[in-house]
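Owing to the predicted nature of the structure, the values given are computational and were not obtained by experimental measurement.
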Amino acid sequence: MSTNFQIRLPDNIENLPINEEYFFITENGQERQLKLHDYGEVYSIPGLYKYLALEKLAYRSHQVMATLLTENLKNNGESVEELKLLELGAGSGLFGQAVAELGVTSIIGIDIVPEAAEATERDSPGVYENYFVEDLTQLSKSTRDFLNEKKLNGFVCCSALSEGHIPVKAFATGMNLIKNQGWVLFNVAKTSYECEDNCPEFVDFYYQAVEKGYLKIHSTESYLHRCFLNGQPLEYVAILAKKQTDIPIT
């Protein structure tokens, strides 16, 4: 991958939490520090997010989840071409690109970060049918009407449910925008998924959604999501479910 920047990793990165990971980037002879989760700045630099994700961190979630979804559809006797997906936290389009390569033709992205939409248009043009820069919990009427008219039958949130990212209300709102018996695909850190007490808010929400019958689990897969900057593995669980009915949102 040809780039116009150089990346240097810090010397002492042994125990940084995921939302505190940082690196140094040099552009035009000037070095500065950025956090991995400074998404606006990271997306605004052409090629930076893909370079970090794919080459430095061995990120795999987009491919694992795209394959999990399309293979289960086929095994279920459903057509990949008839899938109409809404992707929450679409970022720079890595999942959209991966699932499009497997035959999905209708993908709508939504992200709260304007630079994510710009990066997608720059790096993955034509992958998304539409891409909205909005907060899903405060959708404009025009966007809500558009999404309702699409008769969506799939909802995806790929690698955007860790703490400090997408709130439960946004996920529930997105899920409510698809048809009953539509596919719901998301992933969480394995340590969060297997928690016994003091679980993250989203994990509590997920287990309650299953228990109350809003979601029916179809398939789960444990896998290497990516590596930390220090090279240690970060395992995730991908969860594929079917929506049974709308979730009450308070």
Side-chain angles (χ1 to χ4, degrees), residues 19 37 39-40 43 49 53 59 61-66 68-70 83-100 104 106-121 124 127-140 142-180 182-189 192-193 200-206 209 214-215 218 225 236-243 246-249:
N19 60 341
H37 288 184
Y39 289 120
Y43 288 145
Y49 183 77
Y59 175 70
S61 278
H62 59 310
Q63 294 174 333
V64 170
M65 293 179 69
L68 181 69
L69 175 62
T70 54
L83 195 60
K84 296 179 180 180
L85 279 181
L86 174 64
E87 184 188 356
L88 173 61
S92 62
L94 286 181
F95 173 82
Q97 197 164 19
V99 81
V104 178
S106 179
I107 316 165
I108 296 171
I110 186 165
D111 202 297
I112 202 169
V113 180
E115 292 88 350
E118 294 163 10
T120 300
E121 182 61 32
S124 304
V127 167
Y128 291 86
E129 188 178 332
N130 296 87
Y131 195 116
F132 296 100
V133 179
E134 288 200 42
D135 180 344
L136 201 49
T137 65
Q138 301 177 44
L139 277 181
S140 63
S142 60
T143 300
R144 183 177 291 278
D145 289 347
F146 175 87
L147 293 174
N148 284 330
E149 287 169 10
K150 292 300 291 185
K151 300 190 180 342
L152 300 160
N153 58 7
F155 175 61
V156 177
C157 190
C158 180
S159 309
L161 292 170
S162 57
E163 195 156 342
H165 281 55
I166 289 169
V168 163
K169 186 178 178 182
F171 184 91
T173 302
M175 197 179 108
N176 285 352
L177 286 166
I178 72 169
K179 295 179 179 180
N180 290 347
W183 294 94
V184 179
L185 175 66
F186 55 98
N187 59 345
V188 292
S192 298
Y193 181 78
E201 184 184 10
F202 179 79
V203 176
D204 282 336
F205 161 80
Y206 155 65
Y214 304 124
L215 275 177
H218 190 85
H225 164 63
Y236 264 47
V237 177
I239 298 136
L240 180 63
K242 281 213 164 188
K243 175 190 171 182
D246 281 1
I247 293 182
I249 298 175

- prompt: Should K151 and K179 count as side-chain neighbours, where that means a heavy-atom distance under 4.5 Å?
  reply: yes
query: Are any of the side-chain heavy atoms of V156 and L88 separated by less than 4.5 Å?
result: no
query: So which of L152, V99, I108 actually passes side chain to side chain contact (heavy atoms under 4.5 Å, CB included) with L85?
result: V99
Go through the structure and list residues passing side chain to side chain contact (heavy atoms under 4.5 Å, CB included) with [X], not counting sequence neighbours.
X    : value
S192 : A189, P200, V203
T143 : F132, E134, L139, S140, L147
Q63  : none
V64  : R60, E221, Y223

Would you name the heavy atoms of [X] and [Y] that are closest together and state the gap between them?
X    : Y    : answer
Y214 : M175 : O-CE, 3.9 Å
T70  : V104 : CG2-CG2, 4.2 Å
D111 : A116 : CG-CB, 3.9 Å

Can you measure from [atom1] ([X]) to [atom2] ([Y]) and round to the nearest 0.5 angstrom?
X    : Y    : atom1 : atom2 : result
Y128 : S106 : OH    : OG    : 12.0 Å
N153 : I178 : CG    : CD1   : 7.5 Å
Y131 : E121 : OH    : CD    : 11.0 Å

task: Please assess K84 against E129 for the test salt bridge (charged side-chain N to carboxylate O under 4.0 Å, His left out), listing each intermediate value before the final yes or no.
output: CA-CA 10 Å; K84 296 179 180 180; E129 188 178 332; over 6 Å; no
message: Main chain of G91, side chain of T120: is a donor-acceptor contact present, judged purely on distance under 3.5 Å?
response: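 Indeed, once roles are kept as given, a pair shorter than 3.5 Å links the two residues.
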- prompt: Can you check whether I247's main-chain N or O pairs, donor with acceptor, with N176's side chain at less than 3.5 Å?
  reply: yes
message: Applying side-chain hydrogen bond (donor to acceptor under 3.5 Å, both in side chains), can you list everything that pairs with E118, at least two apart in sequence or on another chain?
response: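 For E118 there are no side-chain hydrogen bond (donor to acceptor under 3.5 Å, both in side chains) partners, ignoring immediate neighbours.
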message: Under the rule for side-chain hydrogen bond (donor to acceptor under 3.5 Å, both in side chains), what residues qualify as partners of N130, not counting sequence neighbours?
response: none
query: Hey, what's the ring geometry for F171 with F205, parallel, tilted or perpendicular (30° and 60° as the breaks)?
result: perpendicular
